[in-house]
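Below you'll find the structure, written out as structure tokens, and then a few comments.
Everything numeric here is computed off the predicted structure, so don't read it as measured data. Only heavy atoms go into these numbers, but all of them, side chains included; no hydrogens, no water, no symmetry mates.
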Amino acid sequence: MMNQYPQALTIAGSDSDGSAGMQADLLTFHAFKVHGTSVITACVAGNSYGIHDSVTMPLSFINQEFKDLADDYQVRAAKTGMLGNSDLINTVVDNYQKYDFGPLVVDPVIITKHGDMLLEQDAFDTLKAKLIPLATLITPNFYETQKLAEMEINNDDDMLTAANKLKAMGAKNVMVKGRHDSDDQDEVRDLVLLADGEHFWLTGQYFGTDRKNGTGDTLSAGITAELAKGTSIKESIKLAKDYVDRAIQNEILVGHKYGPINHWASEEIK
């Protein structure tokens, strides 16, 4: 007997070492028992030492990917990863408005967890003006939140103020990931601000490890997978956060430097 599984979509780049990007998303979809589909936007050549080359897919090819999925699959939720330029962001926005792929989780890959800028200013402006208003949920890291909200974050009140600013940009729900770049810290505190105004904190242990590649991708993919199943946004965030914490805590030795998190660490997900 055939079973119709929930289907989710990742709109992201391919990471050749399998630690982040589309590969991390698809591993997460699989772990959450959701069939993963993909719109590949770019290909990155790299390994645990760093990224050494990249190419962007032609826009006509990206348009065709969207059309082919819409013609055949029943995608119930989607997420975006790194979208490298304004033309690419505009193409994704146009297609998401054209086709019904359910709730959209935007992982705004703008700045690394160490504070390094990844997008040029025009692409940043396009993402802010056009993609964020489509987001059911946005999941920026600490530095991305500061950049988007145009403010420094020094305490809990600042983080909540920044989250409200992101919500005012059009995102229905906001998850601001706390700082996790210092071995002096014992915990990581994330803030979630929901569409109805409720907010809550998710506090987890800080793990001092170089095996953290793909954490942001995995978090947003886990949330997307649960949304594709019909899980509430609040419960989806909690389940995905727990999955990521376990994947970081239980390290695997893959690559020589900055390795991936462990997608085998999770308990059975129903």
Side-chain angles (χ1 to χ4, degrees), residues 12 19-21 24-25 51 79-83 105-121 123-125 127-128 131-132 135-194 198-224 233-234 236-238 240-245 247-249 258 260-261:
S19 66
D25 293 339
I51 293 172
K79 62 150 290 184
T80 61
M82 185 173 182
L83 305 174
V105 177
V106 173
D107 182 9
V109 185
I110 303 167
I111 305 174
T112 71
K113 59 180 173 287
H114 302 295
D116 299 320
M117 194 73 180
L118 295 170
L119 284 185
E120 296 294 335
Q121 187 63 42
F124 171 77
D125 292 340
L127 181 145
K128 188 174 178 179
L131 186 62
I132 290 178
T136 302
L137 172 70
I138 184 172
T139 61
N141 65 33
F142 176 83
Y143 295 105
E144 289 164 342
T145 302
Q146 290 192 135
K147 175 71 173 176
L148 287 165
E150 299 180 340
M151 61 176 286
E152 289 189 4
I153 297 174
N154 297 305
N155 51 49
D156 289 355
D157 289 341
D158 288 346
M159 192 173 285
L160 182 57
T161 297
N164 274 293
K165 287 188 175 185
L166 269 59
K167 191 175 176 184
M169 294 175 192
K172 294 181 180 64
N173 303 274
V174 179
M175 180 180 186
V176 177
K177 292 175 282 187
R179 292 188 67 167
H180 53 280
D181 55 2
S182 172
D183 288 337
D184 294 330
Q185 64 189 104
D186 297 319
E187 61 182 25
V188 179
R189 299 184 72 232
D190 303 326
L191 170 66
V192 178
L193 175 62
L194 299 178
E198 177 189 358
H199 76 272
F200 59 93
W201 297 87
L202 294 174
T203 301
Q205 182 181 348
Y206 173 80
F207 302 105
T209 173
D210 288 334
R211 308 288 157 177
K212 290 184 179 180
N213 279 3
T215 54
D217 308 276
T218 299
L219 176 69
S220 54
I223 296 168
T224 303
I233 186 73
K234 185 175 183 177
S236 296
I237 291 169
K238 289 181 176 180
K241 170 68 173 176
D242 183 59
Y243 177 90
V244 170
D245 283 350
I248 297 173
Q249 183 177 13
Y258 300 111
I261 60 176

*So Lys79 and Asp217, side-chain contact (heavy atoms from CB on, under 4.5 Å) or not? Walk me through it.*
CA-CA 9 Å; Lys79 62 150 290 184; Asp217 308 276; 4.1 Å; yes
*Show your working on side-chain contact (heavy atoms from CB on, under 4.5 Å) between Asp186 and Tyr206 and close with a plain yes or no.*
CA-CA 5 Å; Asp186 297 319; Tyr206 173 80; 5.8 Å; no
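The distance from the OG1 atom of Thr218 to the CD1 atom of Ile248 is 8.5 Å, given to the nearest 0.5 Å. We find the NZ-CD distance between Lys128 and Glu150 to be 4.0 Å, quoted to the nearest 0.5 Å. Annotation: the span from Leu137 atom CG to Ser220 atom OG amounts to 8.5 Å, rounded to 0.5 Å. For the atom pair CG of Leu148 and CG of Leu166, the computed distance is 5.0 Å after rounding to the nearest 0.5 Å. Residue Tyr243 holds its OH atom at 13.0 Å from CD1 of Ile223, rounded to the nearest 0.5 Å.
In terms of heavy atoms, Gly222 sits closest to Ala240 at C-CB, 3.7 Å. Of all heavy-atom pairs between Ala163 and Val174, the closest is O-CG2, 3.8 Å. Shortest non-hydrogen contact noted between Thr139 and Lys177 is O-CE, 3.1 Å. In terms of heavy atoms, Ala162 sits closest to Thr145 at CB-CG2, 3.7 Å. Closest approach of Pro260 to Ser19, counting heavy atoms only: CB-CB, 3.5 Å. The minimum heavy-atom distance linking Arg211 with Ile261 is given by the pair O-CG2, 3.5 Å.
Between Asp210 and Tyr258, some side-chain heavy-atom pair lies under the 4.5 Å cut-off. Looking at heavy atoms from C-beta onward, Arg189 lies out of side-chain contact with Met159 at the 4.5 angstrom threshold. Between Val192 and Glu198, every side-chain heavy-atom pair lies at or beyond the 4.5 Å cut-off. In this structure, the side chains of Leu83 and Leu127 stay at 4.5 Å or more apart for every pair of heavy atoms. Counting heavy atoms from C-beta on, the side chains of Asp190 and Ile237 never come closer than 4.5 Å.
Counting heavy-atom neighbours within 6.0 Å of Glu187 CD, excluding the residue itself, gives a total above 12. By the 6.0 Å contact criterion, CD on Glu152 is open, its count of non-hydrogen atoms from other residues, nucleotides or ligands being 12 or less.
The backbone N or O of Ile111 sits less than 3.5 Å from a side-chain atom of Asn141, completing a donor-acceptor pair. Between the Glu144 side chain and the Ile110 main chain, a donor and an acceptor come within less than 3.5 Å of each other. In this structure a side-chain-to-backbone donor-acceptor pair under 3.5 Å is present from Lys212 to Phe207. At distances below 3.5 Å, not a single donor-acceptor pair connects side-chain atoms of Lys241 with backbone N or O atoms of Thr203.
Taking a cutoff of 4.0 Å between a charged side-chain nitrogen and a carboxylate oxygen, Asp242 and Lys238 do not qualify as a salt bridge.
Just one residue in the list Leu219, Leu193, Asp107, Ile233 forms a side chain to side chain contact (heavy atoms under 4.5 Å, CB included) with Met175, and that residue is Leu219.
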